[in-house]
Q: 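For reference, the structure I am asking about is given below.
We name chains A, B, ... by the order of the sequence lines, and we start the count at 1 in each one. Just so it is clear, the values below take in all heavy atoms, side chains as well, and ignore hydrogens, waters and symmetry mates.
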Amino acid sequence: MKKQVEQLVAAAIARLPGIDALGADGLPVPEIERTRDRRHGDYACNIAMRLAKPLGGKPRDIAQAIIDLIPAADLVTRMEIAGPGFINFHLAPAAFHAEVARVLARGDTYGHGDTGRGRKICVEYVSANPTGPLHVGHGRHAAYGATVANLLRATGHEVHEEYYVNDAGRQMDILALSVWIRMLQSAGIDIALPAGGYRGGYVRDIAAAAAPAFTSAVAATHLPAAGSLPDDAPDGDADLHVDAWIDHARATLGEDTFRAILDCALDSILGDIRDDMDAFGARPAEWFSERSLTDSGAVQHALDKVAASGKTYEKDGAIWFRATDYGDEKDRVVVRDNGRTTYFASDIAYHLHKRERGFDTLLDIWGADHHGYVPRVRAGIEAMGESPDILEVQLVQFVALFRGDVKQQMSTRSGEFITLRELRDEVGNDAARFFFVSRSNDQHLDFDLELAKSQSNDNPVYYIQYAHARVWSVMRELESRNLTWSESNGRAHLHLLTADHEQALLQRLARYPEIVALAARQRAPQHLVHDLRELAHELHTYYNAHRFIVDDAGLRDARLLLINAVRQVICNGLTLVGVSAPQSM
RNA sequence: GCGCCCGUAGCUCAACCGGACAGAGCACCUGCCUUCUAAGCAGGAUGUUGCAGGUUCGAGUCCUGCCGGGCGCGCCA
């Protein structure tokens, strides 16, 4: 609908006197907007004001000239100039009637578009270190990432969802060490978990489950000699201490055994994360291993490309990447003086790998604390000969979790955090998914568990689901009265839907595809959420103002057509958000 | 210190590459269930969009400077 209006305006502008002088570049694209106020018609265009300066005329005069150049069409019944020079378009009722019929004809795919056709996009999200269960913050990432992926798919993009598994590096070593020490403790060996170790209960669980397979590793003979490790915190340095512990563990257990403990922990935690995400409706098609990048030579391949572009140098025994050549704050190490590559090296290799898999957009969803990381990854991509624009990063701000007035500490290391699973158990998947995407991703989110729990019946998600269930309820009532609904008869009597409530619903249904496109384009699911809430509100209002099951079959079938279209759109919208659409509540 | 994000009603948040009188929910008050589920509806109060300038037909939105909050500035991941 919007597109049709755009085409009308564009054609008119092209015929405007003096427009040729502006050249193709100077020709502004007409922007058609939905009006906020119904008195302004259905759509509005600000093009006349934008053309005022380049054409040297008054906005309202230009607006009139444009209107005069728009031919009479079935679509538009009236155009008027308003305010400083807006052109307001009032559309014909028949246009909305055609749209409501289209809703049911297209069913599950109504609202889908093709603005992203031909674009292959890789959406990477959550990618939490597999060193513990997902917490509430990850839940926000999962909800946001999965919903954005759904929106992109709905707008015609070819979408691939992926989770980057950080299964290499120091954090994993610390996890393996923590598991091993818990095994030793369970065997009655008097040894303390380092201050830098992971102390969550799940570490003990993993240790208990794995211990039988590592009997030779669980022995006091593996303990370091007294005083052979640097002091732990608080007297010493926790990092130095834990690193020395890891070196000792590797040496005394052997690399294979240490690796086996690590893999055991990794499998357990990653399995748990997968189950959790899956139950939450976030289902990456691929769980991409960081370690595999080194094993496959992809890291070396990436480093070779950077080196080939002359953007690396050696200093202090390490190899550095000239990130400053691309505007980053400082150069970055890619190969340490001990010969091991850095996380950053893996990461640019990962992005190159994604690129080489054929994606033209790499959408990364990161925690806001990683914002400083964006310029260097983009620099790396550019240094490897790719356009830096292929990388798009959406940052998700923190979730501050409260129980009443008490802010909950969220530290994976300390093991004191609310898990995503606990949240789901408390408030339910639907409410959690909905709540997380109701706010802009770049806004901080205060989440009060007690409030979410106590108000679960007042949660907006139920309001929308209720509207959906209400339509089903009406259809059940129809059946119980031994009546049937004729969709075709409804289509034939749509002209009877003249009440304000009906007009409002018709217009909102027609807007839905635009909302989906907008939400996808801006990676902003909250637009969809808000629109659904308003659609539900219109339905509830309509329900209270009019009866649907009336004696007049024409009117009845038309009304049932309308509310079933609403049902379909709510269902489609909730599906995109990852929320269920129950038939009864 | 430098950099990024944010500041909107009592609270939690919207506001579509700058657009028409800044909108919802929660909380509060008043009405509506012999009628398709009252998880609903109707009505009522709520603002110097942190502060001060600037850009222009027009600024919550863009620019500059302050104030306040969050995050980042490793050969960690």
Q: Step by step, work out the side chain to side chain donor-acceptor pair (under 3.5 Å) result for A/D364 and A/H370.
A: CA-CA 11 Å; A/D364 289 2; A/H370 286 72; over 6 Å; no
Q: Looking at the side chain of A/R481, which of B/G7, B/C73, B/C36 is the nearest nucleotide?
A: B/C36
Q: Kindly point out which of B/C5, B/A20, B/U37 is positioned nearest to the side chain of A/A44?
A: B/A20
Q: Hey, does A/H501 reach any base, or is it just sugar-phosphate, or nothing, if we go heavy atoms under 4.0 Å?
A: nothing
Q: Sticking with atom C1', work out how far B/G23 lies from B/G53, rounded to a whole angstrom.
A: 28 Å
Q: Is any side-chain N of the basic residue among A/D531 and A/R511 closer than 4.0 Å to the acidic one's carboxylate O?
A: no
Q: With a non-hydrogen cut-off below 4.0 angstrom, is A/Q522 in contact with a base, only sugar-phosphate, or nothing?
A: sugar-phosphate
Q: Using the P atom in both, what is the distance from B/G25 to B/U46, to the nearest Å?
A: 16 Å
Q: Side-chain N or O of A/K330 versus OP1/OP2 of B/G74: is the shortest distance under 4.0 Å?
A: yes
Q: Report yes if the ring of A/F86 lies under 5.5 Å from the six-membered base ring of B/A20 with planes under 30°, and no otherwise.
A: yes
Q: Report the base-pairing partner of B/A59 (Watson-Crick or G-U wobble, both distances below 3.5 angstrom), or none.
A: none
Q: Does a side-chain N or O of A/R336 approach OP1 or OP2 of B/A77 to a distance below 4.0 Å, or not?
A: yes
Q: Look at the aromatic rings of A/F548 and A/Y543 and report parallel, tilted or perpendicular, splitting at 30° and 60°.
A: perpendicular
Q: Roughly how far apart, to the nearest Å, are B/U30 and B/C66 at atom C1'?
A: 46 Å
Q: Mind checking who B/C73 pairs with, Watson-Crick or G-U wobble, both distances under 3.5 Å?
A: B/G1
Q: B/A22 and B/G1: how far apart are their C1' atoms, nearest whole angstrom?
A: 38 Å
Q: So, is A/R556 close to the B/C36 phosphate, meaning a side-chain N or O under 4.0 Å from OP1 or OP2?
A: no
Q: My understanding is that a pair needs two contacts under 3.5 Å, Watson-Crick or G-U wobble. By that rule, which nucleotide pairs with B/G40?
A: B/C32
Q: Look at the side chain of A/R547 and decide which nucleotide, out of B/C36, B/C17, B/C75, has an atom nearest to it.
A: B/C36
Q: At under 4.0 Å between heavy atoms, what does A/R332 touch on the DNA or RNA strands: base, sugar-phosphate, or nothing?
A: nothing
Q: Give the nucleotide from the list B/C75, B/A77, B/G40 with an atom nearest to the side chain of A/N166.
A: B/A77
Q: Among A/Y164, A/F344, A/Y343, find the residue that satisfies the ring-ring contact (aromatic ring centres under 6.0 Å, His included) test when tested with A/Y350.
A: A/Y164
Q: Using a cut-off of 4.0 Å on non-hydrogen atoms, how would the nucleic acid contact of A/L445 be classed: base, sugar-phosphate, or nothing?
A: sugar-phosphate
Q: Just confirming the chi classification of B/C28, syn or anti, using 90° around 0 as the syn window.
A: anti
Q: I'd like to know whether the aromatic ring centres of A/H537 and A/H540 sit less than 6.0 Å apart in this structure.
A: no
Q: Can you identify which nucleotide, out of B/C21, B/U37, B/C17, has its nearest atom closest to the A/R521 side chain?
A: B/C17
Q: NA contact type, A/S480, heavy-atom cut-off 4.0 Å: base, sugar-phosphate, or nothing?
A: nothing
Q: Under the 6.0 Å and 45° cation-pi test, does A/R533 pair with A/Y463?
A: yes
Q: Determine which nucleotide pairs with B/G7, using a 3.5 Å limit on both distances of a Watson-Crick or G-U wobble pair.
A: B/C67
Q: Taking any strand in view, what nucleotide pairs with B/A20 in a Watson-Crick or G-U wobble way, both distances under 3.5 Å?
A: none
Q: Return the nearest nucleotide to the side chain of A/V333; candidates are B/C36, B/U37, B/C75.
A: B/C75
Q: For RNA chain B, which residues in residues 527-537 of chain A have a heavy atom at a distance below 4.0 Å?
A: A/H527, A/H530, A/R533, A/H537
Q: How far apart are the C-alpha atoms of A/N166 and A/Q171, what are their side-chain angles, what is the distance that settles it, and do they pass the side chain to side chain donor-acceptor pair (under 3.5 Å) test?
A: CA-CA 9 Å; A/N166 299 128; A/Q171 298 305 325; over 6 Å; no
Q: Please determine, for B/U49, whether a Watson-Crick or G-U wobble partner exists with both distances under 3.5 Å, and give it or none.
A: none
Q: Under 4.0 Å: is that the gap between some side-chain N or O of A/Y463 and OP1 or OP2 of B/A24?
A: no
Q: With the side chain of A/H40 defined as its heavy atoms from C-beta on, choose the nearest nucleotide among B/G19, B/C71, B/A20.
A: B/A20
Q: Students often get this wrong, so: under 4.0 angstrom with heavy atoms, is A/P84 touching a base, only sugar-phosphate, or nothing?
A: base
Q: Between B/U64 and B/A27, how far is it from one C1' atom to the other, in whole Å?
A: 40 Å
Q: For a quick test of reading the model: is some side-chain N or O of A/Q526 closer than 4.0 Å to OP1 or OP2 of B/A15?
A: yes
Q: In terms of side-chain heavy atoms of A/H540, which of B/C6, B/C41, B/A14 is nearest?
A: B/C41
Q: How would you label the contact of A/F344 with the nucleic acid (heavy atoms, under 4.0 Å): base, sugar-phosphate, or nothing?
A: nothing
Q: What is the separation between atom CZ on A/F434 and atom P on B/A39, rounded to the nearest whole Å?
A: 18 Å
Q: With heavy atoms under 4.0 Å as the rule, sort A/N338 into base, sugar-phosphate or nothing.
A: nothing
Q: Salt bridge check: are A/R291 and A/D263 linked by an N-O gap of less than 4.0 Å?
A: yes
Q: Could you tell me how far B/G19 sits from B/G65 if I compare only their P atoms? Round to whole Å.
A: 24 Å
Q: A/N338 and A/R340: which non-hydrogen atoms are nearest, and at how many Å?
A: OD1-N, 2.9 Å
Q: Roughly how far apart, to the nearest Å, are B/G68 and B/U8 at atom P?
A: 16 Å
Q: Can you check the distance between B/A15 and B/G7, where both ends of the measurement are the C1' atom (answer in whole Å)?
A: 16 Å
Q: Are A/T541 and B/A42 close enough that a side-chain N or O sits under 4.0 Å from OP1 or OP2?
A: yes
Q: Side-chain N or O of A/Q443 versus OP1/OP2 of B/G70: is the shortest distance under 4.0 Å?
A: no
Q: Specify the closest pair of heavy atoms between A/I348 and A/G380, including all atoms of both residues, with the distance to one decimal.
A: CG2-CA, 4.0 Å
Q: Hey, does A/D173 reach any base, or is it just sugar-phosphate, or nothing, if we go heavy atoms under 4.0 Å?
A: nothing
Q: Would you classify A/A545 as touching base, sugar-phosphate or nothing, given that sugar-phosphate means primed atoms plus P, OP1 and OP2, and contacts are heavy atoms under 4.0 Å?
A: nothing
Q: Contact class for A/A82 vs. all strands (heavy atom < 4.0 Å): base, sugar-phosphate, or nothing?
A: base
Q: Need one value for A/H371: base, sugar-phosphate or nothing, where a base atom within 4.0 Å counts as base even if backbone is also close, heavy atoms only.
A: base
Q: Which nucleotide sits closest to the side chain of A/R376: B/A77, B/C57, B/G40?
A: B/A77
Q: On a heavy-atom basis, which atom in A/L505 and which in A/L539 lie closest, and how many Å separate them?
A: CD2-N, 4.0 Å
Q: Let me know, please, whether A/Y543 or A/A168 comes out on the 5' side of the other along RNA chain B by nearest nucleotide.
A: A/Y543
Q: Test of understanding: with salt bridge (charged side-chain N to carboxylate O under 4.0 Å, His left out), list the residues that count as partners of A/E477, not counting sequence neighbours.
A: A/R481
Q: Looking at A/Q397, I'd like to know whether one of its side-chain N or O atoms comes within less than 4.0 Å of OP1 or OP2 on B/G70.
A: no
Q: At 4.0 Å (heavy atoms only), tell me whether A/A519 reaches a base, stays on the sugar-phosphate, or touches nothing.
A: nothing
Q: So A/N129, base contact, sugar-phosphate only, or nothing? Heavy-atom distance under 4.0 Å.
A: sugar-phosphate
